[in-house]
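For reference, the structure is listed below as structure tokens.
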Amino acid sequence: MAFDAYVKREFKQVGTRVARPDGVDKVTGRALYGADMVAPGMLVGRVLRSPHAHARIVSIDTSEAAAMPGVKGIVTGRDFSVPKDEFLADVAVNCLAQDKALYDGHAIAAVAAINATVARDALKKIKVEYEVLPHVTDIDVAAKPDAPVVLEGRALETVPAGMGANVTHRCEFGHGDLEAGFAKADKIVERSFRTAATHQGYIEPHACLASFTTDGRADLWVCTQGHFYFRTLCSEMLGMEASQLKVTASEIGGGFGGKTTVYLEPVALMLSKKTGRPVKMVMTRDEVFRATGPTVSTSIDVKIGMTKDGRITAGWADMRYSGGAFQCLTCEMGAQAAFAAYDLEAVQTVGWNVMTNRPKEAAYRAPGAPQAIYAVESVVDELCQGLGLDPLEVRIKNAAKKGTKASYGPTFDDIGLLATLEAAKKHPHYTAPLAEGQARGLSCGFWFNFGGNTCVTMNVNTDGTVGIAEGNPDIGGSRASISLMAAEELGIPYEKVRTIIADTASLGYADTTDGSRVTFAVGIATINAARDAIRKMCKRAAMLWGIDEDAVEWKDGAAHPAGPNAGKFPPMSLADIAAKSFQTGGPIAGHYEVNADGAGVSFGVHLCDVEVDKETGATKVVRYTVFQDAGKAVHPDYVEGQMQGGAAQGIGWALNEEYIYGADGRLQNPGFLDYRIPVASDLPPIEAVILEIPNPGHPYGVRGVGETSIVPPLAAISNAISRSIGTRLQELPMSPPRVLKAIKGAA
Amino acid sequence: MVKVLLWGSLRAHTDGQAEVEVEASTFKEVLDKLAEAYPGLRPQIERGVSMAIDGRIYREAWFTRISPESEVVVMPYMTGG
Amino acid sequence: MSVTVSTTVNGDSVDFVCAPDETLLDALRGRLGLTGAKEGCGTGDCGACSVTLNGRLVCSCLVLAVEAEGQEIATVEGMAAGETLHPLQRAFIDHAALQCGICTPGILVAAKALLEKTPDPSDEEVRYWLAGNLCRCTGYDKIVRAVQAAAAEMRRA
Amino acid sequence: MRYEKPQTVAEAARLLSAEKGVARILAGGTDMLVQMKSGMVEPDLLVDIKALPGTRTIVKEAGGFRIGAGVSGAQLSEDADLKAAWPGVVEAANLIGSTQVQGRCTMVGNLCNASPAADSVPALVAAGAKVRVAGRGAGRDVAVEEIPAGPGKTKLKKGEFITSVFLPARGARCADAYLRFIPRTEMDIAVASAAVNLSLDEKGVIKDARVALGAVAPTVVLCEPAAKAIIGTRLDDAALEKLAAACSAAAKPIDDKRGSVEYRKDVVGVLAKRAARIAYTRAGGQK
């Protein structure tokens, strides 16, 4: 049974702001990230990448490079057999191109050499003959029947006949009678939006160290969000058995979804296999931007009808997403999320995927939702402006709540949207006077959250301390949260618990750190592993007391005689029981394995004030407040951190971040200089208001919090800008040239 | 019998019906019966689907019990970042 | 053709051999095993490799290792005095000013340089001083608070 | 690659002219190392000029300031006299890159990197600054605007390099200012920029002015019509509008990832107006 019901309780430790266990390592420079590991005899691997957006690879001549002193091995796509499974095949082809280079930066070949200089020089000696093909990077152009075809034959059965070959998927959601709904509206607004592809922008580039031995075993040290999934992908690509590949997750320098798939890792393993030496590969920042994880770029039409008093009568959206040069199903998430915040009688969303000569999409924090909700929330806001209605009241009036039939199908259980809206309404920010030239915007946001496969082993040490092994790389402080939940359940101090992330050989499978799942799902496993250990400890106490094990209960970190024996013996603490464990049957450990469900959806509301320089089009965010339903906040500091961090990424997306392609199909801004993520001086303080509406699907009421916060900023800022300049932009980012153009266009 | 709600684009394979009925008592049985009764749904079911049962989303839990009065909604396989 | 460099790192005299075009960052990480400074971009845009060179805050990816000859380098590894963390290091833990932590060493070195020059900075001064240190996780809010808390503590000391 | 750190100008000149391959100067390195990393430049010889006499100091000379070619932005900001005399030049130099980059970057490097968007260059041009060029022969002093030849190119000959920049003496009622536009608050390359240097008479009328524009042409633009637009005025609104129009007209920018032609032409005028107001106020003019 994969479902653990919430039971109301008073927490002693959960909810406190303890120091994170990896804190000292991280402030002293001791923490080891992907690029920080070395191995004796290690070689350096580098990748040769396509300078073309789309080209047939006629030939690759590696002979000259291979003959260079210091070059120990070279691999190309031919060294890998392409898996039969289409999804895996795409991942493999993305790691090393087969017959075509599909985007600027697509990996073509890789070299292992004695040092970085030799490796770099060797790349220059690899001769690749390309037949340059027509390319397409714009989604609307790519969707046309006469567009250059990125890959043939990739359309699913979902695509109607007559579409262009780049259109690979269609999905549709919704309910009710749209026509009747629009007929009831007093005002209908229909608009088209475009959003640029953005990058997760983690500061740590992808890095790994692979070591393959001649007996077919391998070790991989890698910065990843999911080392178990990396093991699956790499072992399939290298034709290995999973048990022969041990993957260890390094500390991870940010992921946000972008480190959920492999790029360098199978290549490093293959180079190590070929050379018989450990191979380290680290991407440059340029490679990170050109070849890894941007979001989908989108083109979205939205139509919404509203009555004079602010009731939404119907909502419709058609959203084209491009996940780059491969099949991509993210449009499904966007099409489901678009209207999730509203209680609607008639709603329909249609999602499409269109291939373009861009890098393969990787998940980015609530993948697909920010774009869809930006478009919907912009139109809702325009309706409020047009009808002279308060945008917060309109959202309260139409808010999805318990019993609402969600636009994506199910009926909502307990959800926190109304609570966040009411909190925003009561907050001083909403009524604070605005300075001259400032304007306020708001938006709702939504994300599903997931659970997934999780294993936890909890070892009770003989000195009364507890070690936890879990399988999810810690991106934002999850070891602290897991230790807190263990301490709470066991009734021992937080300081007595140490949580580590086990390698793939030491623990059962864990799904990737994604879908805002870790505190939720690992939490369930941890609490249950603790309960398992407690059962065992009660049994040991019963043996020591010579009473029936059912007559023992656990409270405040100790076994107590209960029932007829109550009070007969002094309580026996965890440390007392642990100290005698060798004499009572051996070491004590608790275990739990689960594929957790019941994560519970999450809503947020963001309020922001902006100031637009009407002569330059520059937007300054002057005040920002995030309201989010977090369920029980296990470690409030890191819950706030997720809310603030997501907001900051959303602000960057709204204002300046974008993939810019030239007419030649090459990425123009593959660096932090021109891919402009927010810097400290760009942002105001970001206030985070946590609402704790317990998730009925978690024993402590925990909900995922990591993703929802990136969803609302796009529309919140757009809505504020539109109120500041008196006209609405329909394209992201709202960079100064676009804003100035809109101002001039409106004048 | 369980009423199963299908998302819009799946209805092409059920003669336009948004809701179909199958004889099933678990997640897995729902999918098996759907694939049997509506072969057009098979490719999507093989790609993976989630299922919301009484408002809670399950990704793979084949043996989750479903009662005749349960609200059952088939959804695409959920992914996150 | 390699060059021998004699320099001082965190108060210790060290020698290493490097290529003439090798960056100080690569030498610190690769030759001296000081991996606290991180390479986030290699072009001076992210600040993760921040160190001080004769007390001046620099990106070690934009300094050649040979330029360190006879100079004094300070890195994050030199911030704590034995078991005692620097007030900034403690404040970053106490205020949850890090999530993934990859930018943390660079930010700590930069913030230390700020507080040595400006013991009582405004929030705006902190934000502008740290504009060259990208953090993608936190939205900077808790970082600014942690720097201010450490600054207050250091002023009291 | 060879790395050399000569102790004399003569030795540096000898090294540079003797090199048959690609020779480059290393001062702050904040552009050079980026170019080396990207493979844009692969020097055979790198001559570090920071050990040459006078390259690390700011010295008063003839009432003005001689600033060594190795003086960092951070050093400039710490010189109170220089800041008081040439606030626009110092603020322009201090806009280059981050705090970290300020620890190393130099105005001469900014000039010789020859980016049209270099922040310190319009301010130096507006200031009427001169650089001292060394080479095999005798040194010569050259106006800053004579150095850039186009994006990435200077008019320096093989073996020549700049050892210092000279900012002239200031009289009363003089001031300069520099503004640039970037999308973020920091860390970007200028999309457009404007420097204004002016002097007032006792009544607050502008006697003399120099206006220089950045990032709107292949090289810095010394915009005489813009200066004329404000000379003889008290910087009234009409004069400011004329100034902006003259700057927009003189701008011959390109469309690129950082901005469009139209945007740059607009914004350069806005910046010139704002910079002029700052300079005017600094010079003691009343608005």
Side-chain angles (χ1 to χ4, degrees), chain A residues 17 19-20 22-33 35-36 38 115-117 200-205 251-256 282 284-286 474-477 624 635 637-638 640-649 651 671-673 677-683 685-688, chain C residues 19 21-22 26 29-30 33-48 75-77 79-80 85-86 88-90 92-106 108 123-124 126-145:
Chain A
R17 299 175 188 248
R20 59 192 287 163
D22 51 330
V24 173
D25 279 350
K26 285 182 174 168
V27 299
T28 54
R30 253 177 292 194
L32 295 175
Y33 292 81
D36 296 338
V38 291
N115 62 43
T117 311
Q200 296 83 354
Y202 33 81
I203 309 301
E204 181 200 27
E251 290 296 335
I252 175 171
F256 315 108
V282 181
T284 62
R285 180 52 56 182
D286 171 273
D474 175 355
I475 300 196
Y624 206 97
H635 193 309
D637 273 343
Y638 291 102
E640 289 163 5
Q642 290 297 320
M643 291 160 70
Q644 293 167 329
Q649 287 183 319
I651 292 169
F672 280 135
L673 184 62
I677 78 171
V679 302
S681 49
D682 290 341
L683 297 176
I686 298 171
E687 187 182 347
Chain C
D21 60 353
E22 189 165 318
D26 284 341
R29 291 175 55 84
L34 294 171
T35 56
K38 307 297 180 190
E39 179 163 323
C41 67
T43 50
D45 298 311
C46 79
T75 72
V76 71
E77 286 92 345
M79 268 181 84
L85 294 181
H86 186 279
L88 276 161
Q89 292 174 311
R90 215 169 40 248
F92 269 57
I93 297 173
D94 291 347
H95 290 79
L98 59 143
Q99 284 178 35
C100 81
I102 194 89
C103 69
T104 308
L108 287 168
D123 283 0
E124 198 179 4
V126 174
R127 285 180 181 274
Y128 274 88
W129 181 271
L130 294 179
N133 290 90
L134 300 181
C135 169
R136 191 60 158 169
C137 293
T138 64
Y140 306 103
D141 190 277
K142 290 185 191 293
I143 291 174
V144 176
R145 285 168 206 266

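Chain naming here is simple, since letters A, B, ... match the order of the sequence lines and numbering starts at 1 in each.
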Subject >> Engaged part of A:Phe256 at the chain C interface, taking heavy atoms whose separation is under 4.5 Å >> reply: side chain
Original post:
Given that the side chain runs from C-beta out, which part of A:Glu251 has a heavy atom under 4.5 Å from chain C: side chain, backbone, both or neither?
Top reply: neither
Original post:
chain C heavy atoms under 4.5 Å from A:Gln642: which part of the residue, side chain, backbone, both or neither?
Top reply: both
Original post:
Where does A:Ala647 contact chain C at under 4.5 Å (heavy atoms): side chain, backbone, both or neither?
Top reply: neither
Original post:
What pair of heavy atoms forms the shortest contact from C:Leu98 to A:Lys26, and how long is it?
Top reply: CD1-CB, 3.6 Å
**OP:** Evaluate the criterion side-chain contact (heavy atoms from CB on, under 4.5 Å) for residue pair A:Val24 and C:Leu85; output intermediate values, then yes/no.
**Re:** CA-CA 8 Å; A:Val24 173; C:Leu85 294 181; 4.2 Å; yes
Subject >> Under 3.5 Å donor-acceptor, A:Asp637 side chain and C:Ala96 backbone >> reply: no
Original post:
With sequence neighbours excluded, what pairs up with A:Glu640 under the salt bridge (charged side-chain N to carboxylate O under 4.0 Å, His left out) test?
Top reply: A:Arg17, C:Lys142
Original post:
Is the backbone of A:Glu204 close enough, under 3.5 Å, to the side chain of C:Arg136 for a donor and an acceptor to pair up by distance?
Top reply: no
Subject >> A:Ser681 vs C:Tyr140, side-chain contact (heavy atoms from CB on, under 4.5 Å): CA-CA, chis, key distance, verdict >> reply: CA-CA 9 Å; A:Ser681 49; C:Tyr140 306 103; over 6 Å; no
Subject >> Student check: side-chain heavy atoms of C:Thr43 and A:Phe672 closer than 4.5 Å >> reply: no
Original post:
Is it true that a side-chain atom of C:Arg127 and a backbone atom of A:Leu683 form a donor plus acceptor pair closer than 3.5 Å?
Top reply: yes
**OP:** Could you look at A:Leu32 and say if it's the side chain, the backbone, both or neither that has a heavy atom under 4.5 Å from chain C?
**Re:** side chain
**OP:** Walk me through it: do A:Thr28 and C:Gln89 pass the test side-chain contact (heavy atoms from CB on, under 4.5 Å)?
**Re:** CA-CA 7 Å; A:Thr28 54; C:Gln89 292 174 311; 3.9 Å; yes
**OP:** Looking only at non-hydrogen atoms, find the nearest pair between C:Ala48 and A:Ile203 and report the distance.
**Re:** CB-CG2, 4.3 Å
Original post:
What pairs with A:Tyr202 under ring-ring contact (aromatic ring centres under 6.0 Å, His included), at least two apart in sequence or on another chain?
Top reply: A:His199, A:His206
Original post:
Would you call A:Arg285-C:Asp45 a salt bridge at under 4.0 Å N-O?
Top reply: no
**OP:** Determine, step by step, whether C:Met79 and A:Val27 satisfy the side-chain contact (heavy atoms from CB on, under 4.5 Å) criterion, reporting the C-alpha distance in whole Å, the side-chain angles of both residues, the deciding distance to 0.1 Å, and the verdict.
**Re:** CA-CA 9 Å; C:Met79 268 181 84; A:Val27 299; over 6 Å; no
